[in-house]
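Below is one structure, written out as structure tokens, with a few remarks after it.
Owing to the predicted nature of the structure, the values given are computational and were not obtained by experimental measurement.
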Amino acid sequence: MKPKEKLLGKTLEELKNIVSENGLPSFAAKQIADWLYKKKVTTIDAMSNISVANRAKLAEKYEVGTHLPIEEMVSTDGTKKYLFASSNSPHEGEFRGAFESVYIPDADRATLCVSSQIGCKMNCLFCMTGKQGFSGNLTAGEIINQINQIASLNPSEGGKQSSPLGEDRGGLTNLVFMGMGEPFDNTLEVLKALEILTSDYGYAMSPRRITVSTIGIIPGMNVFLEKSQCHLAVSLHSPFDNERQELMPMNKIYPIADILKTIKKYDFSHQRRVSFEYIMFDGLNDTMRHARELARILSGIECRVNLIRFHAIPGVDLKDSNPDKMTFFRDYLSDNGIITTIRKSRGEDIFAACGMLAGKKAL
């Protein structure tokens, strides 16, 4: 039996095509969008302002497509990691794998780290996700489902967080596409998810609350910068191509100079932000030579740098830079006009910190 296609993750334009193809009135597309993204129903039968006959017609081919996480882990620092099984793809029935999302609460904000793929093709040396290989792209629906489910499992406490996703979206204030996978290796589905998140027919979330991270896949980055107003984060990790290529093999195809040339074509002087992620490795990329070169290549770009402590993963002979070196690095870049912060590490004890997501579980 052919699996039903999922409505969650469909844009308004796609919903218009669905209602047209199935003989529903044109206004039903907006009604369905309201039920999916504002009222967050889990069944077609709950769409009560659509006639019983039309609901039955939809249910023959479609389902909403929500699914709960299959596992939750809680860190001593309050970070929570969720494991999801990939739902059946829209056109295939087989199980494809599992992926993880991370909820990071703080005093006045709560950030969700979203995955865009099952595994990753990029094979960065320091990243556990790449070690598991690649099993497939997540659909826009699977991306949106992470947000729906985790927000509902983590309601706002005492009104501390003001959620741009609405009161029933829990305390989520920010989204970062920094989970499993390379977002611009799955550009179409990521952009569909971003449209739903930021459009009036969807969640009406400010794009300034969303950051998409990439290692610098230039074709996808160009499309994203043209079609979205969300923030961009670029994983850099060394200002020298030969060293970066050892850490990140894709640098051979998309070298640093080409990435920076692309970024310079766009305006980041107002509210939209570009940041550079820089994991610090002891003796590898934390010297004065690296600080000087990083300040040089980023000169003239309105940006910020986030320094990140390396989190050890099995089978990788790299060590994290010591705190004094990280502080010096931060201060040097700041003194040279580049806003620089040291990112607080969260969830390391449950393998939820940067570079530690793997999505492995016997299912």
Spell out, yes or no, whether Ile143 and Leu68 are grouped together once hydrophobic residues are joined by side-chain heavy atoms under 4.5 Å, including indirect joins.
-> no
Does atom CD of Glu246 have more than 12 heavy-atom neighbours from other groups under 6.0 Å away?
-> no
Hey, is the main chain of Met180 close enough, under 3.5 Å, to the side chain of Ser115 for a donor-acceptor pair?
-> yes
Tell me, do Leu24 and Lys57 make a side-chain contact under 4.5 Å, heavy atoms counted?
-> yes
Between Asp282 and Lys325, is there a salt bridge with N-O shorter than 4.0 Å?
-> yes
List the atom of Trp35, the atom of Asn49, and the distance in Å for their closest heavy-atom pair.
-> NE1-OD1, 2.6 Å
Distance-only donor-acceptor check, side chains Ser86 and Glu142, under 3.5 Å | yes
Ile18-Leu188 co-clustered via ILVMFWY side chain contacts under 4.5 Å = no
Is a salt bridge present between Lys4 and Glu60, judged by a nitrogen-to-oxygen distance below 4.0 Å?
-> no
Run the side chain to side chain contact (heavy atoms under 4.5 Å, CB included) check on Leu58 and Asn54 step by step: do they pass?
-> CA-CA 6 Å; Leu58 277 176; Asn54 282 333; 5.9 Å; no
Modelled atom types, side-chain donor and acceptor of Asp45 and Thr43, under 3.5 Å = no
Salt bridge or not for Glu189 and Lys192, using N-O below 4.0 Å?
-> yes
For Lys30, does the NZ atom sit with more than 12 other heavy atoms under 6.0 Å from it, leaving out its own atoms?
-> yes
Test Leu138 against Gln146 for side chain to side chain contact (heavy atoms under 4.5 Å, CB included), laying out the working first.
-> CA-CA 11 Å; Leu138 295 183; Gln146 295 171 67; 3.7 Å; yes
Step by step, work out the salt bridge (charged side-chain N to carboxylate O under 4.0 Å, His left out) result for Lys81 and Glu71.
-> CA-CA 8 Å; Lys81 182 171 74 169; Glu71 184 178 86; over 6 Å; no
Can any side-chain N or O of Tyr203 pair as donor or acceptor with the backbone N or O of Thr198 at less than 3.5 Å?
-> no
Asp200, CG: over 12 other non-hydrogen atoms inside 6.0 angstrom = no
For the residue pair Phe134 and Cys120, establish whether any side-chain heavy-atom pair is separated by less than 4.5 Å.
-> no
More than 12 heavy atoms from other groups under 6.0 Å of NZ on Lys265 = yes
Report yes or no: does Thr11 contribute a side-chain atom to a donor-acceptor pair with the main-chain N or O of Glu14 at less than 3.5 Å?
-> yes
Are the side chain of Ser299 and the backbone N or O of Arg296 linked by a donor-acceptor pair below 3.5 Å?
-> no
Can you check side chain to side chain contact (heavy atoms under 4.5 Å, CB included) on Leu175 and Thr211, steps first, answer last?
-> CA-CA 6 Å; Leu175 301 175; Thr211 300; over 6 Å; no
Residues Glu63 and Lys6 bridged, charged N to O under 4.0 Å = yes
Taking all non-hydrogen atoms of both residues, which atom of Ser235 and which atom of Ser213 are closest, and how far apart?
-> OG-OG, 3.8 Å
Co-membership, hydrophobic cluster, residues Val274 and Ile339, 4.5 Å side-chain = no
Hey, does Asn174 have a side-chain heavy atom less than 4.5 Å from the side chain of Leu112?
-> no
How about Gln149 and Asn145: does a side-chain donor come under 3.5 Å of a side-chain acceptor?
-> yes
Using a distance-only test with no angle check, is there a side-chain donor-acceptor pair under 3.5 angstrom linking Asn285 and Glu243?
-> no
Common cluster, Leu236/Ile217, ILVMFWY with side-chain heavy-atom separation under 4.5 Å = yes
Thinking salt bridges, do Asp34 and Lys39 make one under a 4.0 Å N-O criterion?
-> no
State yes or no: are the ring centers of His290 and Phe240 separated by less than 6.0 Å?
-> yes
For the pair Lys121 and Asp185, evaluate salt bridge (charged side-chain N to carboxylate O under 4.0 Å, His left out) and give the outcome as yes or no after the intermediate values.
-> CA-CA 9 Å; Lys121 301 175 189 174; Asp185 190 38; 3.4 Å; yes
Residue pair Tyr103, Tyr82: steps toward the ring pair (Phe, Tyr, Trp, His ring centres under 6.0 Å) verdict = CA-CA 8 Å; Tyr103 173 78; Tyr82 296 89; 7.3 Å; no
In sequence, state the C-alpha distance, the side-chain angles, and the governing distance for Lys10 and Glu5, and then conclude on salt bridge (charged side-chain N to carboxylate O under 4.0 Å, His left out).
-> CA-CA 10 Å; Lys10 299 293 186 187; Glu5 192 168 346; 2.5 Å; yes
Distance from His231 atom NE2 to Arg273 atom CZ, nearest 0.5 Å?
-> 4.0 Å
Check: Phe126 ring centroid to Phe281 ring centroid under 6.0 Å | yes
Applying the 4.5 Å side-chain criterion to the ILVMFWY set and letting contacts propagate, would Ile253 and Ile256 be lumped into a single cluster?
-> yes
Sub-3.5 Å donor-acceptor pair from the side chain of Thr340 to the main-chain atoms of Ile338, do we have one?
-> yes
Determine, for Glu195 against Lys227, whether the closest basic-nitrogen to carboxylate-oxygen distance falls under 4.0 angstrom.
-> no
Evaluate side chain to side chain contact (heavy atoms under 4.5 Å, CB included) for Leu294 paired with Phe329, printing each intermediate quantity in order.
-> CA-CA 10 Å; Leu294 189 58; Phe329 215 88; 3.8 Å; yes
Can you tell me if Asn186 and Gln117 form a side-chain donor-acceptor pair at under 3.5 Å?
-> no
Main-chain N/O of Asp108 paired to Asp106 side chain as donor or acceptor, under 3.5 Å | no
Just checking, is any N or O donor in the side chain of Lys80 or Asn154 under 3.5 Å from an acceptor N or O on the other one?
-> yes
